[in-house]
Amino acid sequence: MTICYLAAAYSQVENKEELMRNVMRFAGQFMINHPGHHVVSPLFFHYGLPVNPEMGIDYAFWGEYSRALLSKADMLIVYRAPGTDIDKSTGVQDEIE
């Protein structure tokens, strides 16, 4: 079993619903194409944000959680959504580091 952490620029994306459709499609297809690989990501909490808005969308809240997941992951996948610049994403840059 391989744990794959999926990172993507989130806060700079205007259409988060489109981003999440693409991220979920990508994660599902990746697991189909790579049996035994399991994708995890803080991005998967997107759908819970309206229910728990105090979680926020900034990396100040998600950083510790992300680093904890990464410490258990075997690999990092960086999803590059059209129109995003991962070099300007504090979260993605920290996750890569």
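All values below come from the heavy atoms of this structure, side chains included, with hydrogens, waters and symmetry mates left out. Bear in mind the structure is a predicted one, so any value in this text is a computation, not a measurement.
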Response to the item:
Distance col, row Met20:CE vs Asn22:CG, nearest 0.5 angstrom, shows 10.0 Å
Practice prompt. Could you grab the distance from atom CD1 of Ile3 to atom NZ of Lys72, nearest 0.5 Å is fine?
Written response: 11.0 Å
Response to the item:
Sorted by chain and number, sequence neighbours left out, ring pair (Phe, Tyr, Trp, His ring centres under 6.0 Å) with Tyr79 holds for Phe26
Worksheet item: Could you give the distance from CG (Leu19) to CE (Met24), rounded to the nearest 0.5 Å?
Response: 11.0 Å
Worksheet item: Does the side-chain contact (heavy atoms from CB on, under 4.5 Å) test come out yes or no for Tyr59 and Ser89, once each step is laid out?
Response: CA-CA 9 Å; Tyr59 199 67; Ser89 171; over 6 Å; no
Practice prompt. Would you check if the side chain of Gln93 reaches a backbone N or O of Ile86 as a donor-acceptor pair within less than 3.5 Å?
Written response: yes
Discussion item. List the residues meeting salt bridge (Lys or Arg N to Asp or Glu O under 4.0 Å) with Arg67, not counting sequence neighbours, and say none if there are none.
Written reply: Asp94
Identify all side-chain donor-acceptor contacts of residues 31-45 below 3.5 Å with residues at least two apart in sequence or on another chain.
{"residue": "Asn33", "atom": "OD1", "partner": "Gln29", "partner atom": "NE2", "Å": "3.2"}
{"residue": "Asn33", "atom": "ND2", "partner": "Gln29", "partner atom": "O", "Å": "3.4"}
{"residue": "His34", "atom": "ND1", "partner": "Phe30", "partner atom": "O", "Å": "3.0"}
{"residue": "His37", "atom": "ND1", "partner": "His34", "partner atom": "O", "Å": "3.3"}
{"residue": "Ser41", "atom": "OG", "partner": "Leu6", "partner atom": "O", "Å": "2.7"}
{"residue": "Ser41", "atom": "OG", "partner": "Leu43", "partner atom": "N", "Å": "3.0"}

Response to the item:
Looking only at heavy atoms, the pair that brings Ala7 and Leu76 closest together is CB-CD1, 4.0 Å
Discussion item. Suppose we screen for side-chain hydrogen bond (donor to acceptor under 3.5 Å, both in side chains). Which residues come up paired with Thr84, at least two apart in sequence or across chains?
Written reply: none
Practice prompt. Could you name each residue pair satisfying salt bridge (charged side-chain N to carboxylate O under 4.0 Å, His left out) that touches residues 78-91, not counting sequence neighbours?
Written response: none
Worksheet item: With Glu17, which residues qualify under side-chain hydrogen bond (donor to acceptor under 3.5 Å, both in side chains), at least two apart?
Response: His46
